[in-house]
Each structure stands twice: as C-alpha cells, then as structure tokens.
Amino acid sequence: MPELPEVETIRRTLEEKILYRTIQGVEILYPRVLRNCDHGQLEAALVGRCFTKLDRRGKYLICSLDSDHRLVIHLRMTGRLVTVPVDDAVEKHTSFCIHLEDDSDLRLVDQRKFATVDLLQGPGWGSIKGLESLGKEPLDEDFTPAYLADQLSGRRAAVKSVLLDQRRVAGLGNIYVDESLHRAGIFPGKIAGNITEEEVRRLHQSIQGVIREGIAHRGTTFRDYVDGEGRQGGFQALLRVYGREGEPCSTCGEPIARIKLAGRSSFFCPRCQG
DNA sequence: AGCTTTACCTCAGCGC
DNA sequence: TGCGCTGA
DNA sequence: GTAAAGC
C-alpha cells in the first residue's frame, strides 16, 4: 500500500530514469486506468514530448510534461510504477506502458486495478476531487501541533479514522497511522475530540518522525511495494505494530493486539496504548 | 453534515 | 486437489 | 485506498 514515504521514494527513483527522455509511444492494457481521457487523448498529449518534473502531493504523483499538460497518478492499494527495458516481458496486471527514447518503459503494474491516471491541461486540479481537498503535508512547516489539534477537535470519530482522512493530513495510510499512534501511546479507537494537548504534541512528533524514517528507509515493503527501480523498501524491519499481532511490544513486551477500525485492521499495544 | 458501509478488482492464504 | 471464505 | 451510497 503505497503511502507518502513510498510515493516519495518512487518519485525520487523515477526522476533519474524518465525525465527529459522523449516519449515514443503509449500502450494502454487496462483502459479503465484512465479516468478523464481516452487512449487517443493521452497519446496526443504524450508522444513526442517528455516529462520535465515529478512532484508528490499526499499519495498523488504529478508528472509535468514539456507542455501545459500534467499526468496525475494514484497507485491506490497495489499499484507499482517501475521502469524496465522495453524488451522485458510485460507482467500480468500491467495497466499501461509508456515507451521512452532510451528503450526503457515506464510501466504501471497493478494487481487490483484500482490505480488511476488523470490527464490535466493548464493550471488547477481539474476534477480530481481528492487532490484539491488534500490536507497539509506532514513534513511541511505549516503542519503544526495547532493545525493537528484543529483537525482533531470536536470530532466524534476515532482518531485513526481522522488521521486516515486525506482532507486532514495528506499521505498517511493504514501502516504509518498505526505506527504513529503506537509511538504516541494513543489507542487508535480513542475519540479524536478527546485527545489532550499533550497527546497532540506527541502525535505530531511521532507522525513527522515515522514519515521521515519511512522515507529515509525508502518505504515499507509489506507486500507489493517496490520503488521505481523495482527495489523493495527497508522500513518494514522497523515496524513496531503493523502486521505484528501476537508479537511482543518493542517497548513493554505485551503481545500486540489487532482490532477492526474504520473498516481496516488496526494493530496496537494494549498496554502502551491503553 | 458526519460517519459507516459498500463497490471497485485479483490473488494468496487459510480451513475443510 | 480443489472449493469457498477472508483480507489486502 | 478512495469515492459514492447509505444511515
């Protein structure tokens, strides 16, 4: 599940591989990957041009072209964005191939086919609803304890569901939310509005810490994730609760528990996060 | 309005 | 070995 | 992981 650190790692690894290489062709193997255009429109916008810049906003990857077009990619659950030699066999579940001038391919491989591509022309986010309503980036300086407190205050929902809401904080997903809450010593099911000032400070610190470390270790490969060069991440070795049901808590030894919250599996330490 | 559930897909892993 | 169910 | 549909 690519979250902020994984998308950021993909962005960095792809930069060296795809920028300023002329696009020679576009193949769409799963047409529904295109949300707001068809194959012809995408081809018209891409072929003969090149990518000039890759940006990330939350879990969105924004690929600028040497025109006023941008390609916005969201990988959802199982999307993998990789560069390979054109001659490599096309993997099962490949949604598209973009052929570059150096005989390399940018490919989207996506077992569950939830990943999406939007083509934008001109400024603004067009009809990409999730992108225009995105909350603050956890590593931006305007992501302050006061901002976080404001997002949590007055809400009756579980703190975990608020943190998963991309309109509150951009880029957190199931793994990094569970890890942040464990480091902050907060039960994921605690009512967001009941989080104390002290807890907000700890949560703010732990979110920034977990996201920074996640990026430093090139993301978490729990299952499908690989970066733009096909390499696995390293942060999975440092996970303290996610996927560790029954294993002893790294801080107190209590077995990690698992509950269902906001429709997602949630891992926590019953003692540290009472 | 805010929160929860469901739909979108395919497959690995489990129990029988 | 295969079937259905669960969860990612 | 999210958008849309349902309380």
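The shown structure was predicted, so the numbers you read here are calculated from the model rather than taken from an experiment. Residue numbers start from 1 in every chain, and the chains themselves are labelled A, B, ... in the order their sequence lines are given, proteins ahead of strands.
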Trainee: Could you give all pairs that pass the side-chain hydrogen bond (donor to acceptor under 3.5 Å, both in side chains) test and reach residues 17-26 of chain A, with sequence neighbours left out?
Mentor: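 Passing the test, one end in residues 17-26 of chain A: A:Arg21-A:Asp102.
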Trainee: Within the structure, does a side-chain N or O atom of A:Ser265 lie under 4.0 Å from either OP1 or OP2 of C:dA8?
Mentor: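 Looking at the OP1 and OP2 atoms of C:dA8, one of them is under 4.0 Å from a side-chain N or O of A:Ser265.
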Trainee: Nearest whole Å is fine: how far is B:dT4 P from A:Leu261 CG?
Mentor: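 To the nearest whole Å, that distance equals 8 Å.
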Trainee: Output side-chain donor-acceptor pairs under 3.5 Å for residues 246-255 of chain A, partner residues at least two apart or in another chain, one line each.
Mentor:
from, atom 1, to, atom 2, distance (Å)
A:Glu247, OE1, A:Arg244, NH1, 2.8
A:Glu254, OE1, A:Arg271, NH2, 3.1

Trainee: Taking salt bridge (Lys or Arg N to Asp or Glu O under 4.0 Å) as the test, write out the residues that go with A:Arg12, two or more places apart.
Mentor: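 A:Arg12 satisfies salt bridge (Lys or Arg N to Asp or Glu O under 4.0 Å) with A:Glu8 once adjacent residues are dropped.
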Trainee: Would you mind reading off the distance between A:Ile191 atom CD1 and B:dG2 atom C1', rounded to a whole angstrom?
Mentor: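 Those two atoms, CD1 and C1', are 13 Å apart.
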Trainee: How many whole angstroms separate atom CD1 of A:Ile259 from atom P of B:dT4?
Mentor: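 Taking CD1 of A:Ile259 and P of B:dT4, I get 13 Å after rounding.
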Trainee: Assign A:Gly263 to base, sugar-phosphate, or nothing according to its heavy-atom contacts below 4.0 angstrom with the strands shown.
Mentor: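 Counting heavy atoms under 4.0 Å across all strands, no contact is made by A:Gly263.
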Trainee: Among residues two or more places apart or on two chains, list those pairs meeting salt bridge (Lys or Arg N to Asp or Glu O under 4.0 Å) that have a residue in residues 76-85 of chain A.
Mentor: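 Counting only pairs at least two positions apart or across chains, the salt bridge (Lys or Arg N to Asp or Glu O under 4.0 Å) contacts touching residues 76-85 of chain A are A:Arg80-A:Glu91.
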Trainee: If you link I, L, V, M, F, W and Y whenever their side-chain heavy atoms are under 4.5 Å apart, who else ends up in the same group as A:Ile128?
Mentor: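 A:Tyr60, A:Ile62, A:Val72, A:Leu120, A:Trp125, A:Leu131, A:Leu134, which link up through side-chain heavy atoms under 4.5 Å apart, make up the rest of the cluster.
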Trainee: Mind checking what makes side chain to side chain contact (heavy atoms under 4.5 Å, CB included) contact with A:Ala115, not counting sequence neighbours?
Mentor: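 By the side chain to side chain contact (heavy atoms under 4.5 Å, CB included) rule, A:Ala115 matches A:Leu108, A:Asp110.
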Trainee: Specify the residues of residues 158-170 of chain A, ordered by number, for which at least one heavy atom lies under 4.0 angstrom from an atom of DNA chain D.
Mentor: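 Contacting residues: A:Gln166.
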Trainee: For a 4.0 angstrom threshold against heavy atoms of chain A, report the outermost contacting nucleotides of DNA chain D in 5' to 3' order.
Mentor: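 Terminal contacting nucleotides, 5' to 3': D:dG1 to D:dA4.
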Trainee: Whole angstroms only, please: what is the CD-C1' distance between A:Gln151 and B:dG2?
Mentor: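 Computing the A:Gln151:CD to B:dG2:C1' distance gives 15 Å.
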Trainee: Pick base, sugar-phosphate or nothing for A:Tyr60, based on heavy-atom distances below 4.0 Å to the nucleic acid.
Mentor: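 Result for A:Tyr60 = sugar-phosphate.
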Trainee: So, do A:Phe114 and A:His74 have ring centers that fall under 6.0 Å from each other?
Mentor: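 Ring-ring flag for A:Phe114/A:His74: false, centres at least 6.0 Å apart.
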Trainee: Can the ring centres of A:Tyr242 and A:Phe222 be said to be less than 6.0 Å apart?
Mentor: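 Yes: the rings meet the under 6.0 Å criterion.
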Trainee: Please classify the nucleic acid contact of A:Asp110 as base, sugar-phosphate, or nothing, using heavy-atom distances under 4.0 Å.
Mentor: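 The answer is nothing, as A:Asp110 stays clear of every strand by at least 4.0 Å.
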Trainee: How would you list all residue pairs meeting salt bridge (Lys or Arg N to Asp or Glu O under 4.0 Å) that involve residues 115-134 of chain A, not counting sequence neighbours?
Mentor: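 The answer is A:Arg35-A:Asp118.
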Trainee: Starting from C1' on C:dA8, measure out to CG on A:Asp178 and report it in whole angstrom.
Mentor: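 Taking CG of A:Asp178 and C1' of C:dA8, I get 14 Å after rounding.
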Trainee: Tracing side-chain links under 4.5 Å among I, L, V, M, F, W and Y, which residues wind up in one group with A:Leu29?
Mentor: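 Its cluster partners, ordered by chain and number, are A:Val90.
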Trainee: Reading nucleotides 10-15 of chain B 5' to 3', which nucleotides get B (base under 4.0 Å from a protein heavy atom), which S (sugar-phosphate only), which -?
Mentor: BS----
Trainee: Check the distance between C:dA8's P and A:Met77's CE and give it to me in whole angstrom.
Mentor: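 Result: 7 Å.
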Trainee: Can you list, by chain and residue number, the hydrophobic cluster partners of A:Val84 when the side-chain cut-off is 4.5 Å?
Mentor: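 Joined to A:Val84, directly or through intermediates: A:Val82, A:Val226.
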